[in-house]
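Quick notes on the structure that follows.
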Amino acid sequence: MALKQVSSNKCFEGFQKVFEHDSAELKCKMKFGIYLPPKAETGKCPVLYWLSGLTCTEQNFITKAGFHQAAAEHGLIVVAPDTSPRGCNIEGEDESWDFGTGAGFYVDATEDPWKTNYRMYSYIKDELPKLINANFPTDPERMSIFGHSMGGHGALILALKNPGKYKSVSAFAPICNPIQCQWGKKALGGYLGSDVSKWEAYDATQLVKSCPDSHLDILIDQGKDDQFLSAGQLLPDNFIAACTERKIPVVFRLQQCSGPAQHCPESIRFFVSNWQLQARLRLRPSCGE
C-alpha cells in the first residue's frame, strides 16, 4: 500500500512525519502522524499507538502533547492516526461534533449509511499496524496503546478485545462505560443500531467482566475537576469496580490538573512522559537489546 509523505520535521534528533494513504478498510484517504526516534535509524523499535478524542485529527497529539523528548529517550515509535474517515460524502456526517466526522468512536459500524466507511476498530486493530510494520523499523511483538477521552475508550476496548496484542494500555480521561453515557448512547446507537447487546462489545466496563488477560497493564489518569467527569460522560468508577470484581489490575490516579480545561488535549502533556515510561517498561525485550 503506497504511502504519501505530507510533512517531515526533525525533532529531538528523530523525525515527526505525517503520511497519507488510501484505506481499504475505510474506503477513503487517511492521514497518520508517526514519530521516528533516533534509534529507528539503526534498529527496530517498539511502537506506541495513540488514539485521540472527539473532533481531533492526527495533528492534535503531535502538536500539543509534548511527547517527543520522552519518545526519543525511550526509543519509541509513536503513531497517531485520525479519529474517523474523512470526506465520505455521507449525509449528516458533519452535522454534529460528537458523531460522524471526527467521532468514529473506534467501532465497526453495522448500520446504514455508516457501515461502509466507519470501521475504525478494524482500521486501528489490523490495517494500520500492518501498514506501519511494512514501512517502518518496528518490532511487531512490542506494541502498546494509549489515548484520550473517546481515544481512551478506543485504547481500552482494543486492549481488552485482543488479549496479548498490546503490552500495556494507558488512558487520560477515557469514556469508560459508553453504554451508560450520552456520548456513547448517541454514537453506539447511530453506528450499531438500537440493540444494546451489540453496544456491549465496544464498552470497556462490559468487556473487562469477561477479560481473560489478568496480566494486562492498565493505567488511567483522570483530572479531578474535569467537567465531563462530573457530567457523567466518563464513568471511571464503573470500570474500576468491574476490574476489582475480576481481579484485573488497574492503576487509577485522580489528578489535580492545572487550569480550567482539564479535558482538553493540552492537559495530556502533564502525564504523557509517564505513560511512555510505563509503556517502555512493558515493551522491554525479555533479554538484552
Side-chain angles (χ1 to χ4, degrees), residues 51-56 60 83-84 95-107 109 111 114 118 120-121 145-161 169-211 218-246 248 250-268 270-271 275:
L51 304 184
S52 287
L54 292 164
T55 75
C56 292
N60 292 72
T83 55
S84 77
E95 289 182 357
S96 59
W97 64 275
D98 55 355
F99 185 81
T101 300
F105 251 81
Y106 304 102
V107 304
E111 295 293 299
W114 313 101
Y118 278 70
M120 287 298 293
Y121 174 78
I145 192 165
F146 65 153
H148 166 236
S149 190
M150 178 186 72
H153 144 78
L156 289 171
I157 64 169
L158 277 149
L160 292 168
K161 287 168 72 70
V169 56
S170 308
F172 175 56
I175 302 170
C176 292
N177 196 184
I179 68 173
Q180 297 292 341
C181 75
Q182 290 305 309
W183 280 341
K185 290 176 181 179
K186 179 177 181 177
L188 298 179
Y191 294 133
L192 304 177
S194 59
D195 185 351
V196 177
S197 66
K198 294 180 180 179
W199 302 5
E200 294 178 355
Y202 296 101
D203 184 298
T205 298
Q206 296 298 316
L207 289 169
V208 81
K209 294 177 182 179
S210 58
C211 177
I218 303 174
L219 171 62
I220 296 176
D221 280 299
Q222 172 63 59
K224 180 180 179 182
D225 298 321
D226 185 330
Q227 67 271 35
F228 296 115
L229 176 65
S230 58
Q233 296 283 22
L234 308 179
L235 303 173
D237 289 346
N238 295 358
F239 181 72
I240 301 304
C243 287
T244 301
E245 183 177 340
R246 285 282 297 142
I248 302 293
V250 56
V251 175
F252 178 74
R253 304 185 302 195
L254 195 60
Q255 305 281 6
Q256 186 64 58
C257 306
S258 61
Q262 291 193 23
H263 197 77
C264 67
E266 287 85 345
S267 296
I268 293 166
F270 295 112
F271 311 111
W275 298 335

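All values below come from the heavy atoms of this structure, side chains included, with hydrogens, waters and symmetry mates left out.
No side-chain heavy atom of V107 sits under 4.5 Å from any side-chain heavy atom of Y118. Under the 4.5 Å side-chain criterion, counting only non-hydrogen atoms from C-beta, P174 is in contact with I220. Counting heavy atoms from C-beta on, the side chains of L51 and L158 come closer than 4.5 Å. Here the side chains of F99 and F105 are not in contact, with every heavy-atom distance at 4.5 Å or above. Two residues are said to be in side-chain contact when any heavy atoms from C-beta on lie closer than 4.5 Å; L229 and P236 meet this criterion.
Atom CG in D195 sits 9.5 Å away from atom CD in E111 (nearest 0.5 Å). To the nearest 0.5 Å, atom CZ of residue F239 and atom OG1 of residue T244 are 10.0 Å apart. With values rounded to the nearest 0.5 angstrom, Q222 atom CD is found 9.5 Å from Q255 atom CD. Separating the NE2 atom in H153 from the CG atom in L235 is a distance of 13.0 Å, to the nearest 0.5 Å. Interatomic distance, I248 CD1 to C243 SG, rounded to the nearest 0.5 Å: 6.5 Å. The distance from atom CG of D226 to atom CG of D221, rounded to the nearest 0.5 Å, is 12.0 Å.
Counting only residues at least two apart or in different chains, salt bridge (charged side-chain N to carboxylate O under 4.0 Å, His left out) contacts with residues 146-160 are absent.
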task: Apply side-chain contact (heavy atoms from CB on, under 4.5 Å) to the pair L156 and I218, showing each step before the final yes or no.
output: CA-CA 8 Å; L156 289 171; I218 303 174; 4.1 Å; yes
- request: Under the side-chain contact (heavy atoms from CB on, under 4.5 Å) rule, what do L234 and W183 come out as? Steps first, then yes or no, please.
  value: CA-CA 9 Å; L234 308 179; W183 280 341; 4.1 Å; yes
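Considering every non-hydrogen atom in both C176 and P178, the closest pair reads C-CD, 3.6 Å. The shortest heavy-atom contact between A155 and G147 is CB-N, 4.0 Å. Taking all atoms of both residues into account, the shortest heavy-atom contact from L54 to D98 is CD2-CA, 4.0 Å. Closest approach of I145 and A159 over heavy atoms only: CG2-CB, 4.5 Å. The shortest non-hydrogen separation linking G102 to S84 is N-OG, 2.7 Å. For G152 against A171, the heavy-atom pair with the smallest separation is CA-CB, 3.8 Å.
A cation-pi geometry, defined here as NZ or CZ lying under 6.0 Å from the six-membered ring centre and within 45° of its normal, does not hold between K198 and Y191.
In this structure, the side chain of T83 engages the main chain of C56 through a donor-acceptor pair within 3.5 Å. With hydrogens and angles disregarded, a donor-acceptor distance shorter than 3.5 Å links the side chain of R246 to the backbone of K209. Between the side chain of W199 and the backbone N or O of S194, no donor-acceptor pair lies under 3.5 Å.
The only option from I179, I240, N177 that meets the side chain to side chain contact (heavy atoms under 4.5 Å, CB included) definition with T205 turns out to be N177.
Scored by the ring-ring contact (aromatic ring centres under 6.0 Å, His included) test, Y106 finds no partners at all (sequence neighbours excluded). Judged as a side chain to side chain contact (heavy atoms under 4.5 Å, CB included), and not counting sequence neighbours, the contacts of Q182 are K185, Q233.
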